[in-house]
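Supplied in structure tokens, the structure appears directly below.
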Amino acid sequence: MYDKERGLYIAHCANGPISLVGNMANRHGLIAGATGTGKTVSLQVMAESFCQVGVPCFMADMKGDLSGISQAGKLSGFIEKRKDEFGIPDPKFQPCPVRFFDVFGEQGHPMRSTISRMGPQLLSRILELNDTQEGVLNILFRIADEKGLLLDDIKDLRSMLNYLGQHAAEYTTMYGNIATQSIGAIQRSLLTLENQGGNNFFAEPAFDIMDLLQIDLATGKGIMNVLAADKLMHNPKLYSTFLLWLLSELYTTLPEVGDLEFPKLVFFFDEAHMLFDGTSKSLTDKIEQVIRLIRSKGVGVYFISQLPTDIPEVILGQLGNRIQHALRAYTPKDQKAVKVAAETFRANPEFKTEEAIMALGTGEALVSFLDEKGAPRIVENAKILFPLSQIGPIDESQRSQIIKSSRLSGKYDKIHERESAFETLLELTKKEEEEKQKAKEEAEKQKQKEKEEKEKSKKKGKSVWSKIWKAVVTAVTATIATIVGNKLTGKKSKTSAGKSIVKNATTAATRTLTRDILGNLIK
């Protein structure tokens, strides 16, 4: 809860209230502890406190429990017992303004991204691609950019993969080898993603990140953005990559503001270990960069996980505000985890941190927040405040009413189909097929023309020889007739009969051939 005297009041210890320093809340934090020790209630108390000072929050709701933040709480025996101890004799139970979101659009407003906005690196993580396959995906994005092709949804990506496979030889010298095996592997991974509901996530309109940074105009409270994640949790890679995408969008969109009195947005990342499971070194480095620099944009990121060791050490060092619930040390590995958790706190001489972690009860925690100078305070054994909103889930009718009355109602409900890579490449493929068919027809025509010319030439050759032969036969016949006539009349010839026949035949053939050639020249 928040009041002017105690500020962002989160927990209470023997030395009094423990409050978050407003301008240090963007230095990030960690809520850790075993299952059932009260992490969700701690998250709810912190979110309520930010809400009351006009700071919107984003949180993933794994079991539906956080939906109760939308309703006013009620006095219970537990609260009755502790309200005086916390200095809250008359708790003012109140709801928080809430917007429900759901990647699949079933339990809240749809939250979508496009393939282009997700980018090849995060998309490779969702699809679990190896380095070679990720390289092919990078080439695909480069070609799409050069051609001005929009990649909105999975069918756009499939179209680009088909195009890349068909034109691989054209791009290999420029971008490197594009193996058909890699393209096939990406296609298979896309099929798996589709079966898991990926078609609902990749589409237009893409979610506007600024819709997370809004306040309720009637009350001035920050709006609590609650993501229904029970179904999304069945695909851990999609869940964690989606939240990382949101962080990346915030980082690239928001301006630098430094340390404000209170953050512009607080981002709660539940089941944080999923973000780092199977994550490549390059992507871990990117996450570290975003976490380290996003605080200058006025955004605080709070990880919720069972063990501090779930978070890489380089990122754990960025988390200044800590709430550590109970851990159990049943195995040597558990004992080591308890010891590591204890070593992350600034020691309190009044108790041994390692022993205290194992002795904590439900709703109790070791708490250490940053002071006004940004230094971690001594760890305190404390009790977390009770929420002023409802603990536990709401029913479907209440959720439905909140969704319908939201200002975002209808904004993301319908998927918009615009002209993107699928349509463009479909048209391009159609033109290519038409050009191929036209080229084929032209080739057939040319082949037929050549055949006709050949036939014509062949016939023409036969015709010439026929004429020559006819002329020769006529000449020979005439010559023989002349010779026979001379014999009968007693006339003598200067040349022999054989020579006359050959001479006249040759002259006739030559004359016929010459006429034919001259005739063609005149034509």
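Position 1 is the first residue of the sequence; numbering continues from there. This one's a predicted model, so the numbers in the text were calculated from it and none came from an experiment.
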Show me the side-chain donor-acceptor pairs of residues 309-317 shorter than 3.5 Å, one per line, residues at least two apart or across chains.
residue, atom, partner, partner atom, Å
D310, OD2, S305, OG, 2.6
D310, OD2, L307, N, 3.1

query: Is the shortest heavy-atom distance from the side chain of Y251 to the side chain of K297 under 4.5 Å?
result: yes
- line: Nearest heavy-atom approach of L161 to I183 is O-CG2, 3.8 Å
Greater than 12 external heavy atoms within 6.0 Å of E261's CD: no
statement: Here the pair of heavy atoms bringing F101 nearest to L408 is CZ-CD1, 3.7 Å
query: Taking C-beta and beyond as the side chain, do D277 and P236 meet within less than 4.5 Å on heavy atoms?
result: no
Parallel, tilted or perpendicular: rings of Y239 and F269 (30°, 60°): perpendicular
statement: Hits for side chain to side chain contact (heavy atoms under 4.5 Å, CB included) against K414, two or more places apart or cross-chain, chain-then-number order -> none
field: Heavy-atom pair with the smallest gap, counting every atom of M160 and A421
entry: CG-CB, 4.2 Å
- request: Look at R27 together with D259 and state whether they make a salt bridge at an N to O cut-off of under 4.0 Å.
  value: yes
- prompt: Does the side chain of E396 come within less than 4.5 Å of R399's, by heavy atoms?
  reply: yes
- prompt: If you look only at pairs with a residue in residues 126-147, which of them pass as a salt bridge (Lys or Arg N to Asp or Glu O under 4.0 Å), with sequence neighbours excluded?
  reply: none
- request: Work out which heavy atom in L227 is nearest to a heavy atom in L232; give both atom names and the distance.
  value: CD2-CD2, 4.1 Å
message: For K237 versus S240, what's the shortest heavy-atom pair and its separation?
response: O-OG, 3.4 Å
Run the side-chain donor-acceptor check on residues 55-66: report pairs under 3.5 Å with partners two or more places apart or on a different chain.
residue, atom, partner, partner atom, Å
D61, OD1, G64, N, 3.0
D61, OD1, D65, N, 3.1
D61, OD1, L66, N, 3.1
D61, OD2, L66, N, 3.3
D61, OD2, S67, N, 3.3

- line: Here the pair of heavy atoms bringing C96 nearest to M224 is CB-CG, 3.8 Å
- request: Compute the ring centroids of Y163 and H167, then answer whether they are less than 6.0 Å apart.
  value: yes
- prompt: Parallel under 30°, tilted from 30 to 60°, perpendicular over 60°: which one fits the rings of F201 and F242?
  reply: perpendicular
- request: Give every residue pair that meets the salt bridge (Lys or Arg N to Asp or Glu O under 4.0 Å) criterion with at least one member in residues 153-182, sequence neighbours excluded.
  value: D153-K155, K155-E417, R158-E194
- request: May I have the step-by-step check of salt bridge (Lys or Arg N to Asp or Glu O under 4.0 Å) for R99 and D211, ending in yes or no?
  value: CA-CA 10 Å; R99 284 179 184 161; D211 282 337; 5.2 Å; no
query: Among pairs that include at least one residue of residues 176-186, which meet side-chain hydrogen bond (donor to acceptor under 3.5 Å, both in side chains), considering only residues two or more places apart or in two chains?
result: none
task: Check whether any side-chain heavy atom of E249 lies under 4.5 Å from a side-chain heavy atom of F207, and answer yes or no.
output: no
